[in-house]
Protein chains: 2
Amino acid sequence: MDATNRSRRAEDSTNYCYGHLMDTDQVRSRWDATKGACPTRQVLGRIGDTWTMLVISTLEKGGTLRSGQLKSIIEGITQKMLTQTLRNLERDGVVRRDVLPTVPVTVSYTLTPLGLSLAAAVATMRTWAYDHMDEIAAARDEYDANR
Amino acid sequence: MDATNRSRRAEDSTNYCYGHLMDTDQVRSRWDATKGACPTRQVLGRIGDTWTMLVISTLEKGGTLRSGQLKSIIEGITQKMLTQTLRNLERDGVVRRDVLPTVPVTVSYTLTPLGLSLAAAVATMRTWAYDHMDEIAAARDEYDANR
DNA sequence: CAGAATCCTAATCGATACTG
DNA sequence: CAGTATCGATTAGGATTCTG
């Protein structure tokens, strides 16, 4: 029973797919379930974490940036989370990591073409949030006032 | 020291703002920091959680839906997470909750105009993920092959 | 400078049982 | 049916220390 629960968690917890919203057959035919979650869900999950959008947007605005520059521009990010976020994005083909063999080593990051197209979609979300933050704040105030 | 760490976590952990990407003064002037995180960050954080995008997209497609309908359409969601997600969206003014005093009670949810505009932005992200899932999968395969 | 490794707390989320 | 409450497993992520 514990084993059942645990394996369920491990295997399926990120597999919820968007099939009912798109062409399910097409999604299924392009999705190798043995490799893990539905890709749409994986990508959206990645986008949603604390730092990914911030890193992408910062690179979009700044072009090629060094690790230290990203760290100082993105207020509050720790070394660990910056590295982790950049590794994930690199793995997904969204950023390119370049190492110059200076002493000490110089590492820079740049959005790939795929990353640039993602940055555009991210900007849409960011702009929406910015444009509607007053409306949201007002809705929250009203909601909270009634309890 | 523990107290310091804990309070820092509690108070500031979601306050990282997008000021360096937008008009910082304007963001600051519209953002009451005593109420918590930067609104942009709050909204994007909400979008990024496991179920929010799915619920929004499902309501966009289905129009007005009852709680039970949402639960059966969205594969894998639990009662708890559905309720929690809907509450958050209701608080932000994104969905409207209507209760009919039948026995037992009937509850339905609908996107507000604000919610509809958000759904459009969400669709952009969803479509991006769908359109690029092959590219991402390929990038991952290549990345993973080199280690 | 860039990042890997360790430790530890807090938030997330699923499972389950219960209420009107 | 819709929702609440509680518990436990898992994960995210911050602080810190160490390496080339």
Side-chain angles (χ1 to χ4, degrees), chain A residues 1-16 37 41-42 45-52 54-55 64-90 95 97-109 147, chain B residues 1-16 36-37 41-42 45-52 54-55 65-72 74-88 90 95 97-109 147:
Chain A
M1 38 88 225
D2 285 338
T4 305
N5 283 348
R6 239 178 294 116
S7 73
R8 275 244 263 157
R9 301 287 284 281
E11 290 163 23
D12 300 344
S13 67
T14 55
N15 278 353
Y16 313 119
R41 163 129 290 295
Q42 282 192 344
R46 173 79 65 242
I47 292 307
D49 76 16
T50 313
W51 300 109
T52 298
L54 227 24
V55 169
T64 298
L65 292 174
R66 296 183 52 184
S67 176
Q69 291 179 297
L70 281 167
K71 186 151 169 10
S72 60
I73 294 172
I74 303 175
E75 201 183 334
I77 199 169
T78 59
Q79 172 68 251
K80 176 184 169 180
M81 294 316 297
L82 177 59
T83 301
Q84 201 173 100
T85 304
L86 287 168
R87 282 295 168 287
N88 287 331
L89 294 175
E90 189 194 356
V95 308
R97 179 175 183 266
D98 292 307
V99 184
L100 278 113
T102 52
V103 184
V105 74
T106 303
V107 182
S108 67
Y109 295 91
R147 24 233 102 199
Chain B
M1 39 90 228
D2 285 340
T4 305
N5 283 349
R6 239 178 294 115
S7 73
R8 274 245 260 158
R9 301 287 285 281
E11 290 162 23
D12 300 344
S13 66
T14 55
N15 277 353
Y16 312 119
R41 163 129 289 294
Q42 282 193 345
R46 174 79 65 242
I47 292 306
D49 74 17
T50 313
W51 301 109
T52 298
L54 269 172
V55 169
L65 293 174
R66 297 183 52 183
S67 176
Q69 291 180 296
L70 281 167
K71 186 152 171 5
S72 58
I74 303 176
E75 201 183 334
I77 198 168
T78 59
Q79 172 68 251
K80 175 185 168 181
M81 293 317 296
L82 177 60
T83 302
Q84 202 173 97
T85 304
L86 287 167
R87 282 294 168 288
N88 288 331
E90 188 192 357
V95 308
R97 178 175 183 268
D98 293 307
V99 184
L100 278 115
T102 51
V103 184
V105 75
T106 303
V107 183
S108 66
Y109 295 91
R147 25 233 101 200

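Numbered from 1 within each chain, the chains take letters A, B, ... in sequence-line order.
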Inset, instruction - Could you tell me which non-hydrogen atom of A:R66 sits nearest to which non-hydrogen atom of A:V105, and how far apart they are? - result: NH2-O, 4.5 Å
Legend entry - Any B:T78 side-chain N or O less than 4.0 Å from OP1/OP2 of C:dG14: yes
Legend entry - Phosphate-side-chain proximity, A:R97 and C:dA2, N/O vs OP1/OP2 below 4.0 Å: no
Inset, instruction - Measure across A:T78 and A:K71 and return the closest heavy-atom pair with its distance rounded to 0.1 Å. - result: C-CE, 4.4 Å
Inset, instruction - Rounded off to whole Å, could you give me the CG-to-P distance for the A:L70 and C:dC1 pair? - result: 14 Å
Inset, instruction - To the nearest 0.5 angstrom, please state how far the CD1 atom of B:I74 sits from the CG atom of B:L65. - result: 8.5 Å
Inset, instruction - Could you tell me the separation between the CG atom of A:N88 and the P atom of D:dT11, rounded to a whole number of Å? - result: 15 Å
Inset, instruction - May I have the distance from A:L82 (atom CG) to D:dA15 (atom P), rounded to whole angstrom? - result: 14 Å
Legend entry - Atom-pair distance (CD on B:E90; P on D:dA2), nearest Å: 15 Å
Inset, instruction - Please figure out whether A:L86 or B:P104 has its closest DNA chain C nucleotide nearer the 5' end. - result: A:L86
Inset, instruction - Can you tell me the distance, in whole Å, between the CD atom of B:Q79 and the C1' atom of C:dC13? - result: 14 Å
Legend entry - Under-4.0 Å side-chain N/O to phosphate OP1/OP2 contact, A:R66 with C:dC1: no
Inset, instruction - Classify the nucleic acid contact of B:K71 as base, sugar-phosphate or nothing, counting any heavy atom under 4.0 Å across all strands shown. - result: nothing
Legend entry - Upstream residue (5' side of DNA chain D) when B:Q69 and B:K80 are each assigned their closest nucleotide: B:Q69
Inset, instruction - Taking all non-hydrogen atoms of both residues into account, name the closest pair between A:W51 and A:T85 and its distance. - result: CB-OG1, 3.6 Å
Inset, instruction - Have a look at B:Q84 and say if it touches a base, only the backbone sugar-phosphate, or nothing, with a 4.0 Å heavy-atom cut-off. - result: nothing
Legend entry - Over all atoms of both residues, closest heavy-atom pair of B:V55 and B:L82: CG2-CD1, 4.4 Å
Inset, instruction - Taking only the side-chain nitrogens and oxygens of B:S67, find out if one of them lies under 4.0 Å from OP1 or OP2 of D:dG3. - result: yes
Legend entry - A:T106 side-chain N/O to C:dC1 phosphate OP1/OP2 under 4.0 Å: no
Inset, instruction - Choose from D:dT4, D:dC1, D:dG14 the nucleotide whose nearest atom is closest to any side-chain atom of B:T83. - result: D:dT4
Inset, instruction - Figure out the CD1/C1' separation between A:I77 and D:dG14, and round it to whole Å. - result: 12 Å
Inset, instruction - Report the nucleotide, chosen from D:dG20, C:dG3, D:dA2, that has the shortest atom-to-atom distance to any side-chain atom of A:R87. - result: C:dG3
Legend entry - Toward the 5' end of DNA chain C, by each residue's nearest nucleotide, B:M81 or A:S108: A:S108
